[in-house]
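Report on the structure given below.
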Amino acid sequence: MVNSTSEQIKLPKTSESEKLKKIRHTTSHIMAMAVQKLFPKAQVTIGPWTENGFYYDFDHPEAFTEKDLKAIKKEMIKIINQKLPVIREEVSREEAETRIKAINEPYKLEILDSIHEPISLYYLGDKWWDLCAGPHLENTNEINPKAIELETLAGAYWRGDSNKQQLQRIYGTAWETPEQLAEYKRRKEEALKRDHRKLGKELGLFIFADQVGPGLPLWTPKGTILRSILEDFLKKEQVKRGYLQVVTPHIARVDLFKTSGHWQKYKEDMFPMMAEDEESASLERGFVLKPMNCPFHIQIYKSDLRSYRDLPMRLAEFGTVYRYEQSGELGGLTRVRGFTVDDSHLFVRPDQLDDEFLSVVDLILSVFKSLQLKNFKARLSFRDPESDKYIGSDEAWEKAEGAIRRAVQTLEMEYFEAPGEAAFYGPKLDFIFQDALEREWQLGTVQVDYNLPERFDLEYVDTDSSRQRPIMIHRAPFGSVERLIGILIEEYAGDFPLWLAPVQVRLLAVSNDFLPYTHEVCAKMQAVGIRAEVDLSGERLGKLIRNAEKDKIPVMAIVGANEIEANSLSIRTRASGELGAIPVTEVLDKITKAIASFGNF
RNA sequence: GCUGGUGUAGCUCAGUGGUAGAGCAGCUGAUUUGUAAUCAGCCGGUCGCAGGUUCAAAUCCUGUCACCAGCUCCA
């Protein structure tokens, strides 16, 4: 239940509050000081704020434990109570270097190398200091010891580089008041209840089986309804827009992916090649599970000579791909090893590129609208000019990035640019969503690709009968059906809108005497395509309702003597509670209309 | 892949070296019930898996698998 007082407590992100920035920065320093007091061997590295707190990375030979966290927090409170002034001092690079060398902190020296003047140090009294740009509070006693918490331990690589030393990271949070901290904890608890892994299990949507393997979800009948409805919905939208559905196999010769370049780039991230014998294996001759659908669709395009009149050609497939994700990356439905992409590849002429791109974005936005997804960010994932992991000419990249930028500007979308996030063959427009724990995931994506048409030597015959090269647009509004469902579960907190709910109506008989009528009504509902079921458990009404509520069934229809008398149903919905008796025909009408309009009862 | 944590009945969890427990679910029986739990009985576990230490291991040690948090990666 929503607590009205706690609802009023605002929890600003760090970036929205100067005060919290100072509190968290200073608290992270206090934590580092406490750690070094208790663990003199610990070396300090960096300790920035995060949107909900802060962390500090330490190099320390022994692993910190949960017990250590308690001791560290105690020590922090002592430091706070010492009322140490926080003093800023600006020093020259040479002076900073001398002082860092004096306390033997090699990581800090590296940081010094990478920062620009002015170089500032912050002292906690005269007991401890850190190289830091601030801002900070003026005195440690401005921190409320009851408003801080050390949360969790984790490993983190120095400078985010997995080839470098792994450090120990301590995450903590700090607020202005204990009430804020309590509210923060409460919201974290709430978020945990929305976790799609928990809800997916409770609602019986999907399972994982040890014997099948990690990252390989199995879809139950209920979960399959969800998947199928989503797929059918998108297929209908695609038919309206001239897409052509295709089907391609799950495996292919490794050569296919050598031509596309995936093998060279992602060999380690693919399931191992299947070879007939050792000789074939050594010659890299064999079959692989597909990690992408594009090379298959390209083959279909190539299977015939295409005219400029055939373009744009939009080949679409719900294609299941397999990627050997690192074991530590797997989790729920958001990162799996086998997943289904609502993939399509559009082969277009250069003069069609901008319009096609716009209509793809339009499709994606309309899909999100129907799914009531609002909290997403548009990311322009461009090439990192420093990196050499991309294929293709600079000219092709510039053209592709230009097309994407023109599209978001034409549509006046809010977006941000992310250099280094491009695919190896082209830039992307990605739609980023957050899960219940505020982790970000890419769902929809549109990519402009000049490179694969080149690698596969794609052509069409132009008006002057010259051979021209088409451009490819890769696009997937859902991205991955699995990930989408994970996000939807969390977005809806398990309360699916009527058109998506695996069970739309559950009929509850007040006593077994009324079951025949209940079955009759259920059959009527099923006959018009409503997913209805009768509760046969024979429990009392209170229990039936409780179970239906727990199963998050959107519409409960209660049948007793009164309803049979009036040929009606007592309707109770998850969203609005008791609605009273409504004639059966009206109920059927309302439900079918609500489903058709993606609305509620 | 790396660091740390967790793994006990279908589910949620208790059990720190001495005979494996609870609630819910399931089954059976009684009850025939009007808007979030009717009562009673019964069933249910190689304590993730494999080694080891010990008279004795869910409990201690080693390895392994899976999951969780974070890091790294993500076509």
Side-chain angles (χ1 to χ4, degrees), chain A residues 50 55 57 63-66 68-69 151-171 192 195 197-198 201-202 204 207-215 257 260-270 290-295 321 323-332 334-335 341 343 381 389-391 421-426 428 437 439 441-442 445 447 449 452 474 476 480 508-515 537-550 556-563 570-572 574 577-581:
Chain A
T50 63
Y55 65 82
D57 289 347
F64 297 131
T65 65
E66 296 286 326
D68 293 336
L69 287 190
E151 299 185 285
T152 169
L153 290 159
Y157 298 105
W158 171 234
R159 295 259 144 132
D161 183 340
S162 56
N163 297 312
K164 294 201 163 106
Q165 175 73 25
Q166 190 162 30
L167 308 168
Q168 295 189 66
R169 176 170 297 180
I170 302 177
Y171 280 93
L192 248 44
D195 191 317
R197 293 166 294 196
K198 184 178 157 67
K201 194 187 258 181
E202 286 171 3
I207 60 155
F208 288 90
D210 272 1
Q211 292 211 63
V212 173
F257 295 101
S260 69
H262 289 102
W263 181 254
Q264 294 85 324
K265 293 279 170 190
Y266 293 104
K267 188 182 173 192
E268 297 306 315
D269 303 299
M270 289 166 68
K290 66 173 169 185
M292 290 287 282
N293 298 305
C294 25
V321 298
R323 299 179 185 176
Y324 195 78
E325 304 284 0
Q326 295 181 50
S327 58
E329 293 310 331
L330 300 172
T334 40
R335 196 80 184 267
V341 186
D343 223 346
S381 301
K389 69 175 183 179
Y390 308 99
I391 58 171
E421 293 291 336
F424 72 89
Y425 51 75
K428 310 187 287 173
L437 300 173
R439 294 174 294 202
W441 301 99
Q442 174 197 310
T445 180
Q447 307 168 10
D449 179 7
L452 290 184
H474 308 238
S480 135
L508 314 176
V510 172
S511 99
N512 286 350
D513 296 342
F514 310 122
L515 275 177
S537 66
E539 294 282 351
R540 292 184 185 174
L541 185 59
K543 183 68 170 282
L544 301 186
I545 287 170
R546 180 184 155 81
N547 286 342
E549 292 281 354
K550 274 174 52 179
M556 285 156 263
I558 291 145
V559 174
N562 305 335
E563 287 76 16
S570 273
I571 298 297
R572 176 188 168 111
R574 282 271 298 159
E578 284 183 61
L579 300 179

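Below, chains carry the letters A, B, ... as their sequence lines are ordered, and counting in each starts from 1. The figures that follow rest on heavy atoms only: side chains count, while hydrogens, waters and symmetry mates do not.
Residue A/L437 places its side chain closer to B/A69 than to any other of B/U33, B/A75, B/A69. The A/P291 side chain lies nearest to B/A75 when the options are B/A75, B/G70, B/C68. When distances run from any side-chain atom of A/D513 to the nucleotides B/A69, B/C74, B/U32, the shortest one goes to B/U32. In the set B/U33, B/U32, B/U35, B/U35 carries the atom at the smallest distance from any side-chain atom of A/E578. Of the candidates B/U35, B/A75, B/C11, the closest approach to any side-chain atom of A/Y266 belongs to B/A75. Distances from the side chain of A/R323 to the nucleotides B/C74, B/A69, B/U35 place B/C74 closest. The A/A423 side chain lies nearest to B/A75 when the options are B/A75, B/U32, B/G1. Listed candidates were B/A66, B/G34, B/U32. Nearest to the side chain of A/P214 is B/A66. The nucleotide whose nearest atom lies closest to any side-chain atom of A/Q326 is, among B/U35, B/C71, B/C73, B/C73.
With a cut-off of 3.5 Å on both pairing distances, the Watson-Crick or G-U wobble partner of B/G23 is B/C11. With a 3.5 Å ceiling on both atom-pair distances, the Watson-Crick or G-U wobble partner of B/C55 is B/G18. In this structure, B/A30 and B/U38 make a Watson-Crick or G-U wobble pair, each of the two defining distances being under 3.5 angstrom. Summarising the base pairing, B/C71 is matched to B/G1 through a Watson-Crick or G-U wobble pair whose two defining distances lie under 3.5 Å.
Applying the 4.0 Å criterion to OP1 and OP2 of B/C68, one finds that A/R197 has a side-chain N or O inside that range. For B/U12, one of the phosphate oxygens OP1 or OP2 lies less than 4.0 angstrom from a side-chain nitrogen or oxygen of A/K201. Residue A/R574 places none of its side-chain N or O atoms closer than 4.0 Å to OP1 or OP2 of B/A36. For A/K389 and B/C74, the shortest distance from a side-chain N or O to OP1 or OP2 is below 4.0 Å.
When heavy atoms are screened at a 4.0 angstrom cut-off, A/K267 is found touching no nucleic acid atom at all. As judged by a 4.0 angstrom heavy-atom cut-off over every strand, A/N163 is placed among residues making no nucleic acid contact. Looking at heavy-atom distances under 4.0 Å, A/D210 makes contact with sugar-phosphate atoms alone, never a base. Contact annotation for A/R335: base contact, defined as any heavy-atom pair under 4.0 Å involving a base atom. Contact annotation for A/A548: no contact, since no heavy-atom pair falls under 4.0 Å across all strands. When heavy atoms are screened at a 4.0 angstrom cut-off, A/K543 is found touching the sugar-phosphate backbone but no base atom. Counting any heavy atom pair closer than 4.0 Å across all strands shown, A/L544 reaches no nucleic acid atom. A/N562 comes within 4.0 angstrom of a base, heavy atoms only. Contacts of A/S162 with the nucleic acid, taken as non-hydrogen atoms under 4.0 Å apart, involve only primed sugar atoms and P, OP1 or OP2. A/G261 comes within 4.0 angstrom of no nucleic acid atom, judged by non-hydrogen atoms across all strands. Among the heavy atoms of the strands lying under 4.0 Å from A/G160 are primed sugar atoms or P, OP1, OP2 only; no base atom is included. As judged by a 4.0 angstrom heavy-atom cut-off over every strand, A/S570 is placed among the base-contacting residues. Nucleic acid contact class of A/L508 (heavy atoms, under 4.0 Å, all strands): none. Using a 4.0 Å heavy-atom distance criterion, A/F208 is classed as making no nucleic acid contact.
Within the 3.5 Å criterion, the main-chain N or O of A/A154 finds no donor-acceptor partner in the side chain of A/R169.
Nucleotides B/A40 and B/U8 place their P atoms 29 Å apart, quoted to the nearest Å. When the P atom is used for both B/U35 and B/A30, the distance is 25 Å, rounded to whole Å. B/A37 and B/C24 have their P atoms separated by 14 Å, with the value rounded to a whole Å. The gap from the P atom of B/G51 to that of B/C67 amounts to 23 Å, rounded to the nearest Å.
Contact of A/R572 with B/A36 (side chain to base): a donor-acceptor pair of N or O atoms is detected under 3.5 Å. Below the 3.5 angstrom threshold, one finds a donor paired with an acceptor across the side chain of A/E329 and the base of B/C71. If you check distances only, the side chain of A/E268 never reaches the base of B/G1 with a donor-acceptor pair under 3.5 Å.
Here the options are A/R335, A/M270, A/M292, the test is side-chain contact (heavy atoms from CB on, under 4.5 Å), and the partner is A/R323; only A/M292 passes. Each of A/F424, A/F257, A/Y324 was checked for a ring pair (Phe, Tyr, Trp, His ring centres under 6.0 Å) with A/Y266, and the lone residue meeting it is A/F424.
Where A/L330 and A/R546 each meet RNA chain B at their nearest nucleotide, the meeting point lying more 5' is that of A/R546.
With rounding to whole Å, A/Y324 atom OH is found 19 Å from B/A75 atom P.
Where stacking is scored as ring centres under 5.5 Å apart with planes under 30°, A/Y425 does not register as stacked on the base of B/A75.
Of the charged side-chain nitrogens involved, at least one lies within less than 4.0 Å of a carboxylate oxygen, so that A/D195 and A/R197 count as a salt-bridged pair.
Taking NZ of A/K428 as the start and NE2 of A/H474 as the end, the distance is 11.0 Å to the nearest 0.5 Å.
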